[in-house]
Amino acid sequence: MSQDDCQESQDSTMTVMQEDRHEVLYFAYGSNLSTEQMRQRCPFSTPVGLAYLEGWKWFINGRGYANVAQLDGDAEEREEDGVRYAESKGKGKGRAVQEEKGVYGLLYLLPPQDEERLDGYEGVPYSYQKFQVEVKWARKPSDSDSFEVDDDEEVLRALIYVDTERMEDGPPREEYIGRMERGIEDAVENWGMDEDYADRVMRRLATPTSSGTSHLPPRLTKNQIFPSRGFRYMHSSKRSFPAIFARGGTSNGLVIDRRNLPPEDQWHTVLPSAMGSPDPYGRQLDGMGSGISSTSKIVILGPATRPDVDVDFTFVQVGIRDGALDKAGNCGNMSSLVGPVAFDSGIVKDVPVELDQNGDKWATVRFLNTNTNKVMTSRFKVAGEPLRYSHEGDYVMDGVPGTGSEIVMSFMDPAGAKTGKALPTGNPVDELELPDGTTVKASLVDVGNPGVFVRTDSLGLANHMDLTPPIVEANAALKDRLADIRRAGASRMGLDPNIESVPKIVLLFPSSGSPDIDIRCLALSMGQAHKAAPLTLALCLGAASQLPGTIASDLIAGKSKKTVTIGHPSGMVDIGTVIVDGKIESAQLLRTAKILMEGQCLTPLTTEYSDMASEPVLAHPYYPLNVHIPGYVPNETPVIQLLPVFGIMIGSVIGLALRQTSRARVSLRPIDRFAAAWFAMCNVETITAFAWGPLSLLTLRGILSNSRSRHVMQIIVCVAHLYGVIMYYLTNWMEGQMYGVVYSRPEVLYYWIYYIGFNAPWVIVPVVLLWDSWQQIGKAFAALEVIENPENKKKK
């Protein structure tokens with residue numbers, strides 16, 4: 001369909017897209033109504049609002065996908081209950097067809113690189129063709145709950161994909177139904193599309209099954225993950241991602257779905273600006289932070305990478321003045337948000353819910369902290385229909401105003417979060433040497449997060465009861481000395497002393513006779529005196545008090561207690577530690593949390609981010625799923641076509657090698673012929689390995705020419721193959737054991753046939769050929785010995 005044909009026959013406003021363009025508006029009317037799907041397809045696109053395309057109709061075409069078409073020019077218009085319809089003759093059967101006189105869709109701001117990606121998904125030019133149409137904003141009047149289109153509204157030019165070849169109606173494809181429903185739900189719940197319109201235009205086209213039920217699945221009961229609530233427009237120099245702003249314990253910050261962010265190695269292009277960093281004034285006025293370490297934090301949630309957890313989360317501490325991202329440790333306070341947010345957003349499924357004796361419902365979520373590779377559980381109150389996290393309760397948490405529902409946090413096997421041992425040096429107390437030549441005694445403990453614990457009296461701070469965060473902040477000399485102690489402790493623990501987040505330094509002093517407190521502390525985090533107690537540091541201190549010989553244990557007179565009450569500048573916190581046969585099995589404490597805001601977080605489109613955007617990140621099916629593969633392009637060739645090509649290529653290489661063995665100048669053993677075919681096939685490794693392919697070719701040449709160096713080359717290549725496979729499996733196993741990273745898809749056939757079966761020959765064949773080389777070299781030396789010492793043969 002040409003531009004001229006379109007305009008002459010239907011007096012259309014649709015024109016062919018021009019190639020000389022920059023960022024464009026894209027009008028989505030099918031499954032791309034789902035912003036989650038669009039984030040996967042076009043990661044740098046931005047939804048900007050609901051729009052209306054007048055004079056068109058929406059339908060499912062013969063391919064089973066959504067399509068739009070202009071209404072007949074001679075169709076009669078009428079209005080019923082405020083809805084404009086067109087009466088047209090349909091399908092040549094003389095019947096009147098009642099159609100909407102327009103289509104509602106979602107507008108996206110689309111950069112060129114995402115437009116190219118979308119062309120691929122839409123099958124341009126064979127499945128859909130690209131055009132421009134005129135659309136208008138759908139606005140919501142202040143006195144109405146539904147969106148309306150004003151005739152005087154500004155006209156916008158938007159990109160649209162239309163299948164001009166298949167304009168007949170058809171049933172939707174099975175795989176498309178669920179995607180279309182998710183798009184409808186998103187448009188209705190988050191962008192204000194009229195649900196009556198969605199029902200009578202989109203959902204009505206679902207054909208009944210044999211049982212008489214609709215193809216469409218039940219309405220979704222969970223909100224879209226981190227939904228954007230009606231965000232309308234942003235300047236093109238900015239990008240946005242959905243985020244939640246929330247308080248966890250005595251900290252607050254952002255909670256973000258990992259799938260809404262660029263790859264992890266590009267987080268530094270968006271996360272600092274989201275928090276308002278770097279800020280030389282230390283106030284973070286341009287972001288969600290507020291100038292102190294406990295409010296410059298981010299929790300990033302993602303799908304579980306281990307079968308024994310429900311969700312993964314990564315904690316990020318954002319440097320206030322420098323914008324540095326610190327992922328070295330965990331934050332226990334922000335960890336309390338993981339369970340409630342993952343539950344409410346639908347990231348976790350089939351969460352067990354229990355009913356207590358008071359009739360309250362409690363959900364339990366098990367998650368993995370990727371910073372420390374430690375598993376935690378969160379038990380929290382849920383209520384309502386459908387069930388959602390309920391922050392209302394009567395639990396009082398020091399440092400937080402008001403009351404809330406308690407969240408029971410359990411840290412499983414918390415010892416050795418960063419160093420592998422509760423006491424990294426093996427000593428309950430170490431003497432640290434400082435740059436000025438002085439020494440100070442400290443307990444270096446790693447439970448939940450590493451900590452350097454020192455007594456205030458060892459620093460000459462006798463009046464410890466008056467030691468408050470403002471006093472510490474005002475004492476520059478004291479802060480410098482504490483920084484030196486922290487760095488010395490980090491080095492002794494085997495940690496990088498230049499990473500401020502771990503270990504943290506904690507000042508300890510006695511309870512001063514208070515019957516409700518066992519031990520008092522004042523912690524420094526990121527160089528700032530903390531107004532409460534960092535949760536993981538409180539956890540570490542509670543456990544340290546139960547380890548004999550530590551400074552904390554001495555301060556409570558070596559008492560063995562299941563629950564230790566720790567006093568801090570804002571109050572106190574109870575830490576429960578379970579120790580069995582000297583091993584710390586778990587630690588438990590209570591927190592509260594509250595969701596404060598949901599919405600879109602705007603970040604500047606920096607030059608570095610623009611460069612990244614020019615090479616879009618594509619989702620891939622390879623494990624680990626969250627690994628970025630530079631330059632990855634999805635395979636579009638069916639496997640049924642790839643296998644014959646691969647088989648012909650390998651067969652040709654092996655066949656040619658075997659033919660050469662039959663023409664060799666020397667008689668070759670069967671195992672020599674096999675080895676020749678094997679190394680010929682291994683020569684294909686030239687594609688992926690710089691050395692082993694060429695060395696395999698030299699070994700093949702040595703076999704065919706009966707070269708003296710044949711077995712030397714054969715041993716080198718076989719050992720290299722064995723080493724590569726052993727390191728491959730060992731690395732994968734270690735990554736799985738230590739970090740929960742999975743390198744194989746979970747399907748049984750994939751695991752055994754591909755992951756094990758395809759790698760097994762590179763173990764079995766090298767072992768066989770090494771054994772052959774061993775025997776041949778042994779025979780050669782035996783023959784040489786006979787030649788050099790013939791009398792030995794006579795004696796035998």
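The line from CE of Met412 to CG of Asn369 is 14.5 Å long, rounded to the nearest 0.5 Å. Taken to the nearest 0.5 Å, the CD1 atom of Ile347 stands 4.5 Å off from the CG atom of Leu301. Atom OG of Ser277 is separated from atom CG of Leu271 by 10.5 Å, given to the nearest 0.5 angstrom. Considering CG of Leu537 and CG of Leu541, their distance stands at 8.0 Å, rounded to 0.5 Å. Taken from OG in Ser45 to CG in Asp114, the straight-line distance is 5.5 Å, to the nearest 0.5 Å. One distance of note links CG of Asn371 with OG1 of Thr314; it measures 5.5 Å at 0.5 Å rounding.
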**Q.** side chain to side chain donor-acceptor pair (under 3.5 Å) between Ser390 and Ser405, intermediate numbers included
**A.** CA-CA 7 Å; Ser390 173; Ser405 63; 5.4 Å; no

Q | Derivation and outcome, ring pair (Phe, Tyr, Trp, His ring centres under 6.0 Å), residues Phe367 and Phe313 | A | CA-CA 7 Å; Phe367 49 91; Phe313 93 96; 5.6 Å; yes

Q.
Would Val502 and Asn449 count as a side-chain contact (heavy atoms from CB on, under 4.5 Å) here? Give the steps.
A. CA-CA 7 Å; Val502 291; Asn449 247 356; 4.0 Å; yes

Q: Show your working on side chain to side chain donor-acceptor pair (under 3.5 Å) between Gln588 and Ser410 and close with a plain yes or no.
A: CA-CA 4 Å; Gln588 191 176 89; Ser410 296; 3.1 Å; yes

**Q.** Residues Val454, Leu508; criterion side-chain contact (heavy atoms from CB on, under 4.5 Å); working and verdict
**A.** CA-CA 6 Å; Val454 295; Leu508 301 182; over 6 Å; no

Q.
If you apply the rule salt bridge (Lys or Arg N to Asp or Glu O under 4.0 Å), what do you find for Glu264 with Arg258, and how did you get there?
A. CA-CA 9 Å; Glu264 188 168 344; Arg258 175 185 285 268; 3.3 Å; yes

Q) Hey, mind stepping through Asp413 and Lys374 against salt bridge (Lys or Arg N to Asp or Glu O under 4.0 Å) and telling me if it holds? A) CA-CA 7 Å; Asp413 187 23; Lys374 292 294 184 179; 3.7 Å; yes

Q) Could you walk me through whether Arg247 and Thr592 pass the side-chain contact (heavy atoms from CB on, under 4.5 Å) check? A) CA-CA 8 Å; Arg247 176 187 63 79; Thr592 64; 3.1 Å; yes

Q | Val353 and Leu387: CA distance, side-chain angles, deciding distance, side-chain contact (heavy atoms from CB on, under 4.5 Å) verdict | A | CA-CA 10 Å; Val353 177; Leu387 290 174; 4.2 Å; yes

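The pair Lys381-Glu406 does not count as a salt bridge, with every side-chain nitrogen at least 4.0 angstrom from each carboxylate oxygen. Salt-bridge formation is detected for the pair Lys561/Asp518: a Lys NZ or Arg NE/NH1/NH2 atom is positioned less than 4.0 Å from an Asp or Glu carboxylate oxygen.
In this structure, a donor-acceptor pair under 3.5 Å is present between the side chains of Asp446 and Thr419. Looking only at atom types and distance, the side chain of Gln37 has a donor-acceptor partner in the side chain of Ser31 under 3.5 Å away. Side chains of Ser290 and Thr295: a donor-acceptor N/O pair is present below 3.5 angstrom, by distance only. With no hydrogens or angles considered, a side-chain donor-acceptor pair links Asp574 and Thr565 at under 3.5 Å. Side-chain contact of Asn330 with Ser335: a donor-acceptor pair under 3.5 Å is present, judged by distance alone. A donor and an acceptor atom, one from each side chain of Thr370 and Asp312, are nowhere located under 3.5 Å apart. Side-chain atoms of Arg179 and Ser34 form no donor-acceptor pair, as typed in the model, at a separation below 3.5 Å.
Heavy-atom minimum distance, Ala422 versus Leu547: CB-CD1, 4.4 Å. Across all their heavy atoms, Ser378 and Pro340 have their closest contact at OG-CD, 4.2 Å. Residues Gly249 and Ser336 come closest through the heavy atom pair N-OG, 3.6 Å. Looking at every heavy atom in both residues, Pro414 comes nearest to Glu585 through CD-O, 3.9 Å. In terms of heavy atoms, Val447 sits closest to Ala543 at CG1-CB, 3.8 Å. Listed here is the closest heavy atom pair of Tyr389 and Phe380: CD1-CD1, 3.9 Å.
Of the possible polar contacts, one joining the Lys418 side chain to the Ala328 backbone as a donor-acceptor pair under 3.5 Å is found. Within the 3.5 Å criterion, the main-chain N or O of Lys531 finds a donor-acceptor partner in the side chain of Ser570. Distance alone, capped at 3.5 Å, is enough to place a donor-acceptor pair between the Asp356 side chain and the Asn358 backbone. Using modelled atom types, no side-chain atom of Gln546 and backbone atom of Thr577 make a donor-acceptor pair closer than 3.5 Å. Between the side chain of Asn32 and the main chain of Met38, no donor-acceptor pair closer than 3.5 Å is present. Thr536 contributes no side-chain N or O that, together with a main-chain N or O of Cys331, makes up a donor-acceptor pair within less than 3.5 Å. With hydrogens and angles disregarded, a donor-acceptor distance shorter than 3.5 Å links the side chain of Ser296 to the backbone of Val318. Not a single donor-acceptor pair under 3.5 Å links the side chain of Arg591 to the backbone N or O of Val408. Side-chain atoms of Arg388 do not come within 3.5 Å of backbone N or O of Val382 as any donor-acceptor pair. The main-chain N or O of Val348 is never found under 3.5 Å from a side-chain atom of Asp310 such that the two would form a donor-acceptor pair.
With a 4.5 Å cut-off on side-chain heavy atoms, Phe241 and Arg39 do not count as touching. Side-chain contact between Thr550 and Ser545: absent, with no pair of heavy atoms (C-beta onward) separated by less than 4.5 Å. For the pair Lys504 and Met526, the minimum side-chain heavy-atom distance is 4.5 Å or more. Side chains of Leu261 and Gln266 form no contact here, defined as non-hydrogen atoms less than 4.5 Å apart. For the pair His530 and Leu522, the minimum side-chain heavy-atom distance is 4.5 Å or more. At least one side-chain heavy atom of Trp191 sits less than 4.5 Å from a side-chain heavy atom of Thr35. Put simply, the side chain of Thr377 does not reach to within 4.5 Å of the side chain of Val365, judged on heavy atoms. With a 4.5 Å cut-off on side-chain heavy atoms, Tyr395 and Val400 do not count as touching.
Remark: Asp394 CG is loosely packed, at most 12 non-hydrogen atoms of other residues, nucleotides or ligands lying under 6.0 Å away. Under a cut-off of 6.0 angstrom, the local environment of CG in Asp286 is sparse, with at most 12 non-hydrogen atoms contributed by other residues, nucleotides or ligands. The neighbour count for Arg379 CZ, taken as heavy atoms of other residues, nucleotides or ligands under 6.0 Å away, is above 12.
Shown here are the ring-ring contact (aromatic ring centres under 6.0 Å, His included) partners of Phe315, two or more places apart in sequence or in another chain: there are none. Residues passing the side chain to side chain contact (heavy atoms under 4.5 Å, CB included) test with Leu355 are Lys361, sequence neighbours excluded.
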